[in-house]
Amino acid sequence: MSPTTFLLHLLFICSIFHVTFATRRLTELVRDSSNLLKYHNGPLLAGNISVNLIWYGNFKPSQKAIISDFITSLNAKSQSQHSVSTWWKTTEKYHNKLNKPKSISIRLGKQISDPKYSLGKSLTENHLVKLASNVASPITVNIVLTANDVIVRGFCSGRCGAHGSGLLNPKTTHGKGNKYKFAYIWVGNSETRCPGQCAWPFHQPIYGPQGAPLVAPNNDVGVDGMVINLASLLAGTVTNPFGNGYYQGDANAPLEAASACPGVYGKGAYPGYPGDLLVDSTTGASYNAVGVNKRKYLVPALYDPFTSTCSTLV
């Protein structure tokens, strides 16, 4: 790949889970998106999905509120064209494309804190699966959020987060149970390690055009960057939860609903420029979506399977 590729595609596979790494390219935009994402006959997520947040390491209450409000915003009742819930509706088009219309309703479930770093400060994929499996079920998506002093294998050197699936065999009273897959996501806080990779455009990039960074809408470069990556991975999770849903290219490094539109947040985006965004008149912060509690967020463009274009809110 080009040395100016903003994030690398990687894959780690083991016998009990698969991982798809999030990618955001700064200097490469999709040029020909016609029929970009293909369906590979696997299941998609739909219906009422509970999202559990697993806070690994130290997070301030204000940081937790930013992300928990974002999750709540996905299913908030709003008619605004700039709402987080309007952005999320694009994911339902993937079901519609299969002539199987279904809603995808996200609600905030449990929040579990692990401020004492029970598995240490250097984690592998196995550690992430272990953390996610503690509250796993077939109708949940478990999100592991690691603090800015936690190292996860591949973090910053090639990825900002990942989504994948694990396999559980829950014990019953007779010691037996039916195996089921569960979906999980991991996102790291890049504030002190690699904001130029994982928090762009709220920090100057390591590679590519060096435009001035934008002001983060919640005044937290690390966590506002986490929201971007979480949004991308959540869209990828519901449309390609087990590696055989909607994607394009190599299954080991797929383009998915959001990663098919790298670096695009508003109309007019080009390499190094996220697009024409909304700007808060008081703080000067840039955003394109509004959530609950009047929160402002920046969410990535999503690939629209009907128009074969990258769809933005602004």
Side-chain angles (χ1 to χ4, degrees), residues 6-7 22-31 33 63 66-67 69-74 76 78-91 160-161 187 189-191 195-236 257-304 307 309-314:
F6 192 56
L7 292 175
T23 61
R24 287 194 295 136
R25 294 190 178 105
L26 175 61
T27 57
E28 293 181 27
L29 295 182
V30 176
R31 290 178 170 81
S33 59
Q63 293 177 317
I66 293 169
I67 291 180
D69 280 353
F70 175 73
I71 296 299
T72 302
S73 299
L74 293 168
S78 174
Q79 302 299 319
S80 171
Q81 70 180 70
H82 299 141
S83 70
V84 173
S85 56
T86 297
W87 171 82
W88 182 246
K89 281 290 183 182
T90 299
T91 60
C160 304
V187 179
N189 186 334
S190 67
E191 178 186 11
Q197 288 175 288
C198 297
W200 183 83
F202 302 129
H203 191 281
Q204 280 191 305
I206 293 178
Y207 304 116
Q210 296 295 303
L214 304 180
V215 177
N218 295 286
N219 198 33
D220 191 313
V221 170
V223 175
D224 278 305
M226 291 180 80
V227 170
I228 294 173
N229 294 308
L230 174 56
S232 176
L233 289 163
L234 194 56
S259 58
C261 302
V264 180
Y265 300 93
K267 289 182 172 57
Y270 56 81
Y273 177 64
D276 300 329
L277 304 176
L278 303 173
V279 178
D280 187 292
S281 59
T282 301
T283 64
S286 295
Y287 65 101
N288 60 7
V290 179
V292 299
N293 297 325
K294 298 183 179 179
R295 290 274 188 192
K296 296 178 174 66
Y297 297 104
L298 188 65
V299 294
L302 294 180
Y303 179 79
D304 187 319
T307 63
T309 61
C310 292
S311 175
T312 63
L313 288 176
V314 296

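Between the Thr86 side chain and the His82 main chain, no donor and acceptor come within less than 3.5 Å of each other. Between the side chain of Asn218 and the main chain of Arg295, no donor-acceptor pair closer than 3.5 Å is present.
Contact check for Ser286 versus Tyr265: no side-chain heavy atoms found under the 4.5 Å cut-off. Put simply, the side chain of Gln210 reaches to within 4.5 Å of the side chain of Pro205, judged on heavy atoms. At a threshold of 4.5 Å between non-hydrogen side-chain atoms, the residues Pro274 and Trp200 count as touching. Between Pro201 and Ile228, the closest side-chain pair of non-hydrogen atoms falls below 4.5 Å. Looking at Val314 and Asp276, their side chains never come closer than 4.5 Å, going by heavy atoms from C-beta outward. At a threshold of 4.5 Å between non-hydrogen side-chain atoms, the residues Ser83 and Val290 do not count as touching. Side-chain contact between Leu298 and Asn288 is present, with at least one heavy-atom pair separated by less than 4.5 Å.
Considering all non-hydrogen atoms of both residues, Ser232 and Ser259 come closest at OG-N, 4.2 Å. In plain terms, the two heavy atoms of Tyr287 and Pro217 that are nearest each other are CB-CB, 4.3 Å.
Note that the CG atom of Asn189 and the CG atom of Asp220 stand 6.5 Å from one another [nearest 0.5 Å]. A distance of 11.0 Å separates CG in Leu302 from OG1 in Thr309, rounded to the nearest 0.5 Å. Here the CD atom belonging to Gln204 is positioned 11.0 Å from the CG atom belonging to Leu214, to the nearest 0.5 angstrom. With values rounded to the nearest 0.5 angstrom, Leu234 atom CG is found 5.5 Å from Ile71 atom CD1.
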(request) Apply side-chain contact (heavy atoms from CB on, under 4.5 Å) to Thr90 and Tyr303, showing your working. (result) CA-CA 8 Å; Thr90 299; Tyr303 179 79; over 6 Å; no

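Of the residues listed (Val292, Val223, Val299, Asp224), the one engaging Phe70 in a side-chain contact (heavy atoms from CB on, under 4.5 Å) is Val299, and it is the only one.
Enclosure of atom CG in Asp280 by more than 12 non-hydrogen atoms of other residues, nucleotides or ligands within 6.0 angstrom is indicated.
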